[in-house]
*Asks:* 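Pasting a structure below so you can have a look.
Please read all numbers here as calculations on a predicted model, not as lab measurements. Computed from heavy atoms alone, side chains included, the values below leave out hydrogens, waters and symmetry copies. Residue numbers begin at 1 in each chain, while the letters A, B, ... track the order of the sequences.
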Amino acid sequence: MKAGSNLEKILSKGLFAVTGELGPPKGNDVSVVKRKADLLRGYVDAVNVTDNQTAIVRMSSIATSSLLIQMGIEPVMQMTTRDRNRIAIQSDIFGATALGIKNMLCLTGDHHTFGNQVDSKNVHDLDSIQLIDCVRTMRDQGTLLGGEERIEGKIEIFIGAAENPFADPFEFRVVRLAKKVRAGVDFIQTQCIYDMKRFKEWMKMVRDRGLHEKVHILAGVTPLKSGGMARYMAKNVSGIIIPEEIIDRIVKAKKPAEEGIKLCVEQIQELKEIEGVHGVHIMAIEWEQMVSQITEMAGLLPRPKGE
Amino acid sequence: MIKAEQKPMEEILRSIDPYKKILLSGCGACVTVCHAGGEKEVLLLASALRMARKKIGKPLEILEATPSRQCEPEYAQELSELSEKVEAILSLACGVGVQTLVRFFPKMPVLPGVNTTFLGETLSHGIWEERCQACGNCILEKTGGICPISRCAKQLLNGPCGGSSKGKCEIKKEADCAWQLIYDRLSSLGQLYKLEEIIPAKRWGIESRDSGLRRIIREDLKI
Amino acid sequence: MARIGIFIDTLKGTLPSSFRERIRTTLRDVPEVVFSVEEDEFTSETFERMLKLLEHEGVERVVIVGGSPKLYETTFQKLGFPLPFNPYLFTVANIREQALWSSIDEREASEKAKNAVLKAIRIASSLRPIESQTLPLKPEVLILGGGISGISIALTLARAGIYVFLVERERTLGGKVTELWKFYNQELEAKGWLEQKILELRQNPRISLLAPARLKYLRGHMGRFQATILTDKGEETTISPSAIVVATGYRVERKRGGIYDHKRMVTLSEMEKLLSETNPPFPFFEGKRVETVTYLLDDTNEDIKLDSINALKQSLLLQGSLKCQVAILCKEFKVSSDRMERLYRKARELGVLFFKYEEAPRFSLVNGQIQVEVKDTSILRKEDQWSVSILSDLVVLCETFLPHQETMELSALLRLHLGKRGFFMEDNPQLLRVRSNRRGIFIAGGCRFPQEISETLFEANAVAQEVLALLSKGAYTYDLSVAEVDPKKCALCYTCPRVCPHSAIEVEKYAEKNVYLTHHVPENTKWGAAKVDPASCFGCGICVGECPARAITLRHYPDEFIYIQMGLDG
Amino acid sequence: MVDFDPKIIAFCCDQSGYPSADMAGSLRLNIPKNVEMVRVPCAGRVEALYLLKALEKGADGVVLFACYEENCQYLRGNLRARGRLSYIHRLMEKIGLEKERIEICYLATNSGVKLVETLQRKTEELKRLGPNPCSEGK
Amino acid sequence: MLEKEVLIIGGGIAGITVALELSQFEIPVLLIEKNPSIGGLASTFCCKASESCNKCFACVVDKRIVEIHQKRNIQCLTRTEISGIRKNGKKFEVTLKQGRERIDLQVPAIVMAVGIDPYDATQKGEYGYGRYLDVITAKDLDEMLRYQGKLVRPSNGEFPTRLAFFQCVGSRDESIGNLYCSQVCCAYALRLIRAIRYQYPKVKVCFFYMDIQPAGPSFESFLKSCREDQGIRFIRSLPSKIYYSGASHLLKVRVPDPQTGEVMEEPFELIVLSVGMVLSQGARSLVQWLGLHYTEDGFIEASSSQEGVFVAGACSGPKDIDRTIIHAKGTALEVYQFLKGRD
């Protein structure tokens, strides 16, 4: 056992894990965290807490994660290398593990020009792979980056990272995953999936390299609220591919929201059958209330208790 | 070569406002090559400044000079006897030139006329693109000769981020994703194995500017 | 202080004497003027008088007060200049066209004239003599491309005593003419005519044929070109021609996709092959007799007459002796070649149908035949314009005319400009359809603009004449009224070689003595700097304005002259 | 100020501007008297500096006569001239000079009438714009 | 008795080009021209540029006329006509008439560059050229634009806003026996229209044509820009008659309406006839003296049977200015080879 977190127990038992995602408020209003947490409690094994997503200033990921712990929900703290240099990162990990956070997602993070602090200086002291390596060194060797400094105390953390099978160059994506595995990642959450054919191709390449035994892969899904949202994501968010027929299906549907949920559930069922997919990561940003309905319709309930 | 662009005119006018007689000095090297501070631009700017000041009734007298370079002490000293006649020096050289003059004219205000922008390559006449950040420890060998630190928006050292699509960077649609170029370059050289190896975290604090003021000393050359 | 002599040209007495009087009064109080003499007309006698006067007075600079400078430049060159006197020590004050004639009254005219004369005197005092140089030209020419243009130029030049290197990419010569079956306006077999020319070429001792081979490098300028030719066996030979002719021809591309790939859809050149086949003689196509043939013209390019000529030639034969029914669909039928109107009328008398369309016709397959529906715009009533539909056994398409793939690479190698559609030579009238942007390099035939053979042969003769005019005298004399780079100021920024329209400037690692820059640069100094090839420079001065280090001066037109003419002391 | 006589400098390219001026003369058309005709081998010979120096040293307006596009004897002269003019226009805007003071006008060898019309129009325009505020002389 | 190597008859762009190219070979040339100045028809053309040059080559002609005065070995005789040519042995004896003077000349080679005359539009009575002042030929319009620089109706000097251009006047016409296309008038007329539309945007033009003939490599883009110009209407039919209505002082033409197809009458203020080319009538006697032949279309057969006689330019067949220059260069080459082959 690496960290003994609920997510880790479920995955190591070979059960199908379900994780959700929660965006902290653009301020310090704890009730927002509470409201979203209540919507997810019991329906997911762990809840991702984003770290200033799309470079928009929000409550910090550590603070929100520790609030979730107090509310009895297991968080997955996301950490980007955009805002912190290696000193801040390692000290934040000390703090996080001290507060009982047991899961972590290492991300490079969106470029600051997307957010609301365009003039800021981006750091990028490490990149996501170097961050994974750094956390693994702290956990397994008990030393800081560079290897000499002994850590007072023990770092127990379940390391995760993101992967986007739909970005280019496609053949390279598996190589990048292999690098992350070698760097010591434990679980992977992919970008939201709509182009099922390409995802299956990617999974085949993952299996060819035997990576699906070395790391737990959670497939990311995002229910589409409306045709407009579908078209916006397809055009503006780079690295997301939404096939035409899916956009048409949502646009032509009488009730697009319901159609979106139905599509999401179908995707989950289809993802279950793919060998090597050990779970699903439902990113229903600003639509957390639908997670209960999705998990219910996809037959993922009740969530097992990770004793 | 160092690439630079002339400062907006309002800024220059504001910076030389208190002075009645200035020395406008160009530089015959990098800023000449990128048409920002050569003799042609010196004469053009001089004429424009005189006219601008004449229009607001504060005539400005300008002496013009363009030494071959401004980043060598001797060339900078070429301007010394001209500097006695003026109240300030407006230098169209890059940041290096301006600060070399400051060393030799301690009591003379030296004002920059151009914005030094980057070390770059000429794509075609009149179009230049950034190529090097002078980060102190070149990794071009590992990336097939294309530098991710100067050409990738997030300075990634291990492969393209999730936002690279159709070979273009998500931040600037017209810019190529550096790692896509690296991937294509290495595959054409048949060295894709180089992408498998993890490039460890860069020692920014020792090699790059983060280590504070950097100095190269060649004992063999010292006089 | 320069001593200046003034010659007032009364232009055969047309300048009124009162006007000339005022000029003389202004001249009186100008210190530099040594003498001012009036001449009625510039003939060889006036020159003798002038020369004696100039030597007698010891005057080095002359100002002519009279008509337009162009008039005097022409008469001086015509009458053979007074040789010991350098022509560049003359300057002209234009007081007729731009003063007397272009003013509303006498007062304004004399004011303008005074201003012009004073300016001319100030320019005269700083005139510098410009020597002339001679570049020996070996009678050797390199011709790229062995099509009909290359062949006919090679033969013409060889007959005139010029040694020709003919480089052809393919193994065989003849280019597009090998596919031609008959001429449209002569009863002549194309193959025999071409074979005879190629034979004559192979036998001519002054033509050395390098085929298949291609140009690998070109260095140097006119008179001193260094061309490296790579033959298919991998050998490299270097030749040094004095002039180069580019005659690389064009390529055609056929429309692809959908019904266009159908076997009954042939192109004009494929139809030409079919017609020239003997067994089984056309009009049998795959065993079945061909009844109707439809030509679709102007589908790809509208400014090339070649399609209409070939289509008409073929349809006359099809409709005539082969008894097929031909229909020609076109936007504008091109009859603007000689005898085309007569052939066009003969075709209509034989029964060929002509339809004019704007929207592209629609093709569909109807039991093995191709149905062509076309909206004939020459039918006045709009509704029944779509009524025309033709069932045809064969549909003949026209091809797209494109430059060869290597044109881009070759133009970079030869440093030549390309036109808008990628063909050689931009469509600029000053190039007279034969000259390229570089001195000593000419362009002929289809690689500039695909045309019918008789037009291409006219152009080939014109290029041959240009080359002969250049090489027949064995040397090229030129004035050093060119640009000159000061190596000390040159920042090696490569602006001038890129900007020079005539590719006359190169950055030389060791610009040994910068050819004519003598006075303040010590002998054989080795410098890395841009260097202007004096023979190739046209003296336009574009590089002077572009140089960021202002290192280039135009020897016969320095900044000073321009500031003086602007009436401001620079 | 109607009595003010704007001083114009006309750069005439030797291939189109100057022969057109000669043709205007032979057609007895009136070239305004306050125009200084400057003969240059090609419009590309006119540096950006000359345009600014003209205004600085007292001219009220400058007209640059160049050949029509794709008709330049030296193939690129008119295009380079247009590029330099746009650079100067940007500079002039910044120092508060009206862009109309410097203009490029395309001619061919035989456009005498167009040359004179342009100069007359320019004189009227400059009368409206008034004298050059930045020139040394004033 | 004057001694020269080559006599060039005709001072148009063809004769000038042959003279200029021969002078590069240092061959002394005599150029004779019956009009008071050299340059011929092409030197009366105005510049037809709009936004950019439309490649009409008129300025090239003007430049070459200036060049010819610079050549030492070219002698130009204007107002000169030929009264007789006899061939004896290798040389031709030519008697020239300049005003009252008579000049005898011996010359081994003669170049015919007499050029063409525009078709006499008065012969097409139904168009009323010569009767109605506002019906002019393209040549008249050209001279008006070149020398006066403005567009006016010849009848009352007002500014015309509705123009019509009739193509193929005197060419491709069986009734008068001109069974050939003059090749240049379509491009020539369209360039005039573009220049006028650019200078006077208020002018609306109707272009009556049979088939638009191309000219030069960038004609396709030029034609596209003409078709996109709203002020030009392309009508593919040649009206047979021009009616003049004295009341409204306008010229009326029967025109098919493009939408409905019915014929209706349309008024115009100025009608320009694009006249074709015919051999200049001065050439009849010369052809006979020099033993040349005529082509089917009434032009001079280029491949001359007689030794030492050459033909250059449009008199051997309709050509526009740039092809005339190229043809003349080819002829100059033939003359050079003939003279060099001789000794």
*Asks:* Can you tell which part of A:Asn164 gets under 4.5 Å to a heavy atom of chain B, answering side chain, backbone, both or neither?
*Replies:*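 Contact with chain B: side chain only.
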*Asks:* Hey, is CZ on B:Arg209 packed in by over 12 heavy atoms from elsewhere, all under 6.0 Å?
*Replies:*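 At most 12 heavy atoms, drawn from other residues, nucleotides or ligands, come within 6.0 Å of this atom.
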*Asks:* What part of A:Ala183 gets closer than 4.5 Å to chain B, counting heavy atoms only: side chain, backbone, both or neither?
*Replies:*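 Contact with chain B involves both backbone and side-chain atoms of A:Ala183.
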*Asks:* Quick one: of B:Cys177, B:Gly163, B:Gly167, who has the most non-hydrogen atom pairs under 4.5 Å with chain A?
*Replies:*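 Winner by heavy-atom pair count: B:Gly163.
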*Asks:* For A:Arg86, which atoms come within 4.5 Å of any heavy atom of chain B: side chain, backbone, both, or neither?
*Replies:*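 For A:Arg86, the contact with chain B is made by the side chain alone.
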*Asks:* Quick check: are there more than 12 heavy atoms from other residues, nucleotides or ligands sitting under 6.0 Å from NZ of B:Lys172?
*Replies:*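 It does not: B:Lys172 NZ has 12 such atoms or fewer within range.
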*Asks:* Taking every non-hydrogen pair under 4.5 Å, which of A:Gln191, A:Glu171, A:Arg176 racks up the most with chain B?
*Replies:*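 Among A:Gln191, A:Glu171, A:Arg176, the one with the most close pairs to chain B is A:Arg176.
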*Asks:* A quick test of your reading: do over 12 heavy atoms of other residues, nucleotides or ligands sit less than 6.0 Å from CD1 of B:Ile216?
*Replies:*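 No, because the 6.0 Å sphere around CD1 of B:Ile216 holds 12 heavy atoms or fewer from other groups.
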*Asks:* Please report the interatomic distance SG(B:Cys161) to NE2(A:His124), rounded to the nearest 0.5 Å.
*Replies:*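 Taking SG in B:Cys161 and NE2 in A:His124, the distance rounds to 8.5 Å.
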*Asks:* Under a 4.5 Å cutoff for heavy-atom pairs, which residue among A:Leu126, A:Asp168, A:Ile240, A:Leu131 has the most contacts with chain B?
*Replies:*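 Most heavy-atom pairs within the cutoff with chain B belong to A:Asp168.
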*Asks:* Does B:Ile198 form a side-chain contact (heavy atoms from CB on, under 4.5 Å) with A:Asp133? I'd like the steps, not just the answer.
*Replies:* CA-CA 10 Å; B:Ile198 297 178; A:Asp133 180 56; over 6 Å; no
*Asks:* Tell me, out of B:Ile171, B:Leu192, B:Asp210, B:Leu157, who's got the most heavy-atom pairs with chain A below 4.5 Å.
*Replies:*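 Going by pairs under 4.5 Å, I would pick B:Ile171.
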*Asks:* How far does SG of B:Cys152 sit from NE2 of A:His111, to the nearest 0.5 angstrom?
*Replies:*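 Separation between the atoms: 8.5 Å.
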*Asks:* Side chain from CB out, backbone as N, CA, C, O: work out which of these in B:Pro200 comes under 4.5 Å of a heavy atom of chain A, or both, or neither.
*Replies:*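 For B:Pro200, the backbone is the part near chain A, not the side chain.
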*Asks:* Is a side-chain donor or acceptor of A:Glu163 paired with a backbone partner of B:Gly162 at a separation under 3.5 angstrom?
*Replies:*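 The answer is no, because no donor-acceptor pair under 3.5 Å joins these two groups.
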*Asks:* Under 3.5 Å, is there a donor-acceptor pair between the side chain of B:Lys154 and the main chain of A:Asp127?
*Replies:*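 Side chain of B:Lys154 to backbone of A:Asp127: no pair is present.
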*Asks:* Are there more than 12 heavy atoms of other residues, nucleotides or ligands under 6.0 Å from atom CZ of B:Arg203?
*Replies:*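 Count not over threshold, so no.
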*Asks:* Working note: B:Glu170 + A:Phe114, criterion side-chain contact (heavy atoms from CB on, under 4.5 Å); need CA distance, chi angles, decisive distance, verdict.
*Replies:* CA-CA 10 Å; B:Glu170 65 181 341; A:Phe114 288 128; 3.8 Å; yes
*Asks:* Could you grab the distance from atom CG of B:Leu186 to atom CZ of A:Phe172, nearest 0.5 Å is fine?
*Replies:*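 That separation rounds to 10.0 Å.
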*Asks:* Is B:Lys168 in contact with chain A via its backbone, its side chain, both, or neither, using a 4.5 Å heavy-atom distance?
*Replies:*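 No part of it gets close to chain A.
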*Asks:* Check whether A:Phe170 gets within reach of chain B through its side chain, its backbone, both or neither, counting any heavy atom under 4.5 Å.
*Replies:*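 A:Phe170 has no heavy atom closer than 4.5 Å to chain B.
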*Asks:* Step through the shown structure and confirm whether more than 12 heavy atoms of other residues, nucleotides or ligands are within 6.0 Å of CD on B:Glu5.
*Replies:*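 No, not enclosed.
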*Asks:* Just wondering, more than 12 heavy atoms not from A:Ile87 lying within 6.0 Å of its CD1?
*Replies:*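 It does not: A:Ile87 CD1 has 12 such atoms or fewer within range.
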*Asks:* Could you check which of A:Asp110, A:Asn122, A:Thr113, A:Asp125 has the highest count of heavy-atom pairs closer than 4.5 Å to chain B?
*Replies:*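 Counting heavy-atom pairs under 4.5 Å, the top option is A:Asp125.
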*Asks:* Has A:Arg182 got a side-chain atom pairing as donor or acceptor with B:Glu196's backbone, closer than 3.5 angstrom?
*Replies:*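 It does hold such a pair.
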*Asks:* Taking A:Lys179 for its side chain and B:Leu195 for its backbone only, find out whether a donor-acceptor pair lies under 3.5 Å.
*Replies:*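 Such a contact is found between A:Lys179 side chain and B:Leu195 backbone.
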*Asks:* Can you confirm whether B:Lys173 is buried at NZ, in the sense that more than 12 heavy atoms of other residues, nucleotides or ligands lie under 6.0 Å from that atom?
*Replies:*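 More than 12 within 6.0 Å, yes.
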